[in-house]
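Counting starts at 1 for both ligands and their atoms, in listed order. From a predicted model like this one, the values you see are computed outputs, not experimental measurements.
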Amino acid sequence: MVGKYQSLLRELPAVDRLLREPVLEELLQRLPRRVVLHSAQETIDSYRRRLTDQVGAEDAAGRIDLSPAGLALEAAAMAEKKAGSNLRALINATGIIIHTNLGRAPLPEAAVKAMTSIAENYNNLELSLESGNRGSRQEHLEELLCELSGAEAAVVLNNNAAAVFLALNATASGREVVVSRGQLVEIGGSFRIPEIMAASGASMVEVGTTNKTYLRDYEAAVNENTAALLKVHTSNYHMIGFTAAVDTEDLSTLAHKYSLLLIEDLGSGVFIDLNKYNLPAEPRVQDSIASGADLVTFSGDKMLGGPQAGIIVGRKDLISYIRANQLARTLRVDKFSIAALEATLRLYLEEETAIKEIPVWRMLTADKETLNKRARALAGGLSGIFGTDNVFVAEGISRVGGGALPMAELPTYLAAVKLSGGGIHPAELVEKLRRGDPPVILRLHQDTLFFDPRTIFEDQENALIEAVRIAFETDGN
Ligand SMILES: *Cc1c(COP(=O)(O)O)cnc(C)c1O
């Protein structure tokens, strides 16, 4: 058996021979030689393995095209893939606005411009242009953050996990921090309040029960070793029924009565009143500060709609202390994020501008009529591919995602494609779209594909239709 396939091994072309195939000769003109060479080698090797592998050999030998032209085509596809980017822009048709797997918040144009300019030029990252002396990278952001939040001081770190960690490490290491059992959350699998607390060196004292915690529970836990009370916004889950939590104002009164700190982890950085836009309320940064929290932490790339960053605003003495912490440098924010964050925060100085210019807010506040029109337009394009009988517009729900507003259901209109009757398998089409160029990520429910215009940018609509056409029409469908 094996011998039969091994004789085929002699038919495998050598690398040199493969590289003389026109398709690879053409690639050598535009891709790095090593990429084409390695792809040719890997392709030949993979066939050699299949032919010598007793299990797969029979199957392989029956179907393999061992001609140089056939192998060259495969090597060419591999080389194109190797030469392309791994991290790629894609089209998010899921309707989930802040999708951690999809890079969270797409940046406002002003932030992109600021980032590019800082990236390709020298800049005053740590130089005071006024005095000519050494400056702090934090100064570029602090004034804006104080203006928007009402806090005395601010510091920006790599992400919110770092912000919570450092706030605890700097203010409560070796001492106790009191937190409600209902707020011991896990965010995205690797951020868990108990673990972060342990890593920070603070001892966690849990109070209350999963569903109810009262002010007296906190008070009973206070002793001479207590450093702070921690309030965590349960940003990615919602408890209903018989529940009680203590609000920030009462917690701050209690904390200050015993000369303790109140630290509040908000998760999402919201500065805008969501009720105004018929969205469920989400605590705002300025409200926490006004209610007396000493330190408030939040992410830059959730509802704030900016780059990845962790922001701490609060009391000046505490912020100075955090900045001076040895670990601050290991968690520090880079110049690109500073540039993007500064530009994003500036947009918040005028609420109307923020809503209009920050993609996350544009998507959050998109009006139903516009979504309906866009869903119809998408359906029109899709009908050209799948036929009008299989395409329709449906009412549906978009989500905020990213551990924010877990209960919020944003009514939307979806362009839908029902795949029935023995054509391409729906899951296969979803995979082809994900592997396409640009990749398209969408929702599949049973045999129907759903495209939510809320998270598809208007200038992506044509590319989307084209990507769907290619995915559907290649491979003989
Ligand atoms: C998202 C979140 C974090 C973690 O923020 P990252 O910026 O992802 O590190 C921490 N706490 C809460 C409450 C969150 O919602």
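Under the rule for a side chain to side chain donor-acceptor pair (under 3.5 Å), Gln286 has no partner lying at least two apart in sequence or in another chain.
Under a 4.0 Å criterion applied to the non-hydrogen atoms of Asp265, ligand 1 contributes the atoms 10 (C), 11 (N), 12 (C), 13 (C). Of all atoms in ligand 1, listed by their number and element, those nearer than 4.0 Å to a heavy atom of His233 are 13 (C). Listed by atom number, the atoms of ligand 1 under 4.0 Å from Gly267 heavy atoms are 12 (C), 13 (C), 14 (C), 15 (O). For ligand 1, the atoms closer than 4.0 angstrom to any heavy atom of Phe191 are 10 (C), 11 (N).
The main-chain N or O of Val333 is never found under 3.5 Å from a side-chain atom of Ser337 such that the two would form a donor-acceptor pair.
Annotation for Arg30: atom CZ counts as buried by contact number, over 12 foreign heavy atoms lying within 6.0 Å.
For Glu264, the closest heavy-atom approach to ligand 1 does not fall below 4.0 Å. The closest approach between a heavy atom of Lys302 and any atom of ligand 1 is below 4.0 Å.
Among protein heavy atoms, the minimum distance from atom 15 (O) of ligand 1 is reached at Ser235 OG, 2.5 Å. Closest protein heavy atom to atom 3 (C) of ligand 1: Asn160 ND2, 3.4 Å.
Electrostatic pairing of Glu219 and Lys257 counts as a salt bridge here, judged by a charged N lying under 4.0 Å from a carboxylate O.
Looking at His233 and Gln183, their side chains never bring a donor and an acceptor atom within 3.5 Å of each other. If you check the side chains of Thr248 and Ser291, you find no donor sitting under 3.5 Å from an acceptor.
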When the side chains of residues 411-419 are checked against the rest of the protein, which donor-acceptor pairs come out under 3.5 Å, sequence neighbours left out?
| residue | atom | partner | partner atom | Å |
| --- | --- | --- | --- | --- |
| Thr412 | OG1 | Asp452 | OD1 | 3.0 |
| Lys418 | NZ | Asp447 | OD1 | 3.3 |
| Lys418 | NZ | Asp447 | OD2 | 3.3 |

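Residue contacts with ligand 1: Ser299 is placed with a nitrogen or oxygen under 3.5 Å of a nitrogen or oxygen of the ligand (distance criterion only). Between Ala161 and ligand 1, a contact under 3.5 Å exists for at least one N or O pair.
The proximity of Arg104 to ligand 1, defined as any non-hydrogen pair under 4.0 Å, is limited to the side chain.
Looking only at side-chain heavy atoms (C-beta outward), Ser39 and Lys82 come within less than 4.5 Å of each other.
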